[in-house]
Amino acid sequence: MKNRLIAPSVLSADFGNLQRDIEMINESQADWFHVDVMDGRFVPNISFGFPVMKSIKKHAKKFIDVHLMIVEPEKYVEEFVKEGADLVSVHYEACVHLHRTIHQIKDLGAKAGVVLNPSTPVSVLEDVIADVDLVLLMSVNPGFGGQKFIENTYKKIQQTKELIEKYNSKALIEIDGGVNQHNAAKLFEAGADVLVAGNAVFSAENPAAMIEELKK
Ligand code: DX5
Ligand code: ZN
């Protein structure tokens with residue numbers, strides 16, 4: 001059976017009420033916590049680092065999916081795994097030695113993902129697809145929540161599926177940016193396994209009901 005996993009992005013949570021928002025996710029039908037780390041260098045925004053990661057881990061009862069939007073991620077992956085990341089994804093565009101970084105994450109005992117910006121073609125994954133647990137396709141330019149979904153993502157899902165098949169890879173496909181109740185079903189049908197949702201969930205009147213709707 002196809003996966004239909006929902007990963008609410010903590011980036012859009014109310015940081016003054018972080019425990020409350022994490023408990024909402026714990027009790028909802030959400031599958032993963034998506035944790036967006038931004039350094040103000042790889043992306044034009046700064047989000048949070050280890051202290052907030054620690055607080056998330058303290059309360060979260062589900063799988064923790066860490067998305068590193070930082071330069072030189074190899075310097076920090078060990079600490080994120082130590083702080084409780086189950087999966088660490090690094091950007092193709094931020095890794096000079098991507099193969100090494102993927103194996104560094106796996107050797108630490110976590111799952112390893114690779115992320116592509118909207119302008120990066122899927123074909124660059126040809127030589128690592130067999131090694132990764134997840135391909136994260138950005139459907140907005142990374143840096144901010146609440147942006148408009150880029151339609152070209154559907155084509156990239158198809159290309160990623162073909163690459164996964166060609167190399168007999170076990171990688172899941174995750175989509176991040178502009179996911180909402182209007183495109184979620186279409187994305188799952190196109191072949192996405194995991195959908196990240198920040199704004200759609202946390203700006204909803206009833207976030208738990210929105211998570212349920214996205215999963216349908
Ligand atoms: C964007 C982040 C996303 C973001 C998604 O740089 O990687 O995870 O929070 O937010 P929405 O769902 O609001 O587009
Ligand atoms: Zn993200």
Side-chain angles (χ1 to χ4, degrees), residues 5-15 18 21-22 24-25 28 30-49 52-53 56 60 62-71 73 76-77 80 85-95 105 111-120 132-154 156-157 172-188 192-205 207-208 210-211 213-215:
L5 308 182
I6 299 294
S9 169
V10 179
L11 182 65
S12 296
D14 174 354
F15 288 95
L18 190 55
D21 284 359
I22 290 171
M24 179 279 292
I25 298 174
S28 76
D31 300 277
W32 294 1
F33 283 85
H34 185 79
V35 176
D36 286 307
V37 179
M38 305 177 182
D39 66 354
R41 291 189 63 209
F42 180 70
V43 289
N45 192 13
I46 299 174
S47 58
F48 51 76
V52 173
M53 173 68 196
I56 295 169
K62 295 178 178 178
F63 188 90
I64 298 185
D65 162 28
V66 173
H67 174 193
L68 296 181
M69 286 162 273
I70 64 176
V71 297
Y76 303 99
V77 292
F80 277 103
D86 295 296
L87 180 147
V88 179
S89 294
V90 293
H91 270 260
Y92 165 83
E93 303 84 2
C95 293
I105 296 167
K111 297 208 180 297
V114 60
V115 195
L116 299 183
N117 278 337
S119 63
T120 304
V132 296
D133 299 297
L134 177 134
V135 174
L136 174 45
L137 299 173
M138 289 308 304
S139 40
V140 298
N141 287 294
F144 304 93
Q147 301 183 80
K148 191 176 174 288
F149 181 84
I150 297 171
E151 295 291 325
N152 189 54
T153 307
Y154 292 105
K156 292 176 81 171
I157 294 176
L172 298 179
I173 301 175
E174 182 175 29
I175 306 300
D176 187 3
V179 172
N180 57 39
Q181 66 274 36
H182 307 296
N183 57 20
K186 197 172 160 198
L187 286 164
F188 280 134
D193 300 288
V194 191
L195 301 181
V196 175
N199 189 55
V201 167
F202 287 98
S203 70
E205 218 166 283
M210 178 55 70
I211 290 166
E213 189 172 344
L214 293 172
K215 230 176 138 68

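It should be emphasised that the depicted structure is a prediction, and the values quoted were computed from it without experimental measurement. Just so you know, ligand 1 is whichever comes first in the structure, and atom 1 is the first atom listed for that ligand.
In summary, of the residues considered (Asp65, Asp36, Asp176), a side-chain hydrogen bond (donor to acceptor under 3.5 Å, both in side chains) with Ser9 occurs for Asp36 alone. Screening Ile22, Asp21, Val66, Ile25 against Ile56 for a side-chain contact (heavy atoms from CB on, under 4.5 Å) leaves a single residue, Ile22. No option in Val43, Val115, Thr120 other than Val115 meets the side-chain contact (heavy atoms from CB on, under 4.5 Å) test with His91.
Within Asp36, the N/O/S atom positioned nearest the Zn ion (ligand 2) carries the name OD1.
Closer than 4.0 angstrom to ligand 1 lie heavy atoms from Ser9, Leu11, His34, Asp36, Met38, His67, Met69, Met138, Pro142, Gly143, Phe144, Gly145, Gly146, Asp176, Gly177, Gly178, Val196, Ala197, Gly198, Asn199.
Remark: His34 NE2 to Leu5 CG distance equals 13.5 Å, nearest 0.5 Å. The CD1 atom of Ile175 sits 9.0 Å away from the CG atom of Asp193 when rounded to the nearest 0.5 Å. Taken from CG in Leu136 to NE2 in His67, the straight-line distance is 5.0 Å, to the nearest 0.5 Å.
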- Before giving the answer on side chain to side chain contact (heavy atoms under 4.5 Å, CB included), spell out for Val10 and Leu18 the whole-Å C-alpha distance, their side-chain angles and the decisive distance to 0.1 Å. CA-CA 8 Å; Val10 179; Leu18 190 55; 3.7 Å; yes
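The ND1 atom of His67, the Zn ion (ligand 2) and the OD2 atom of Asp176 define an angle of 90° (nearest 10 degrees).
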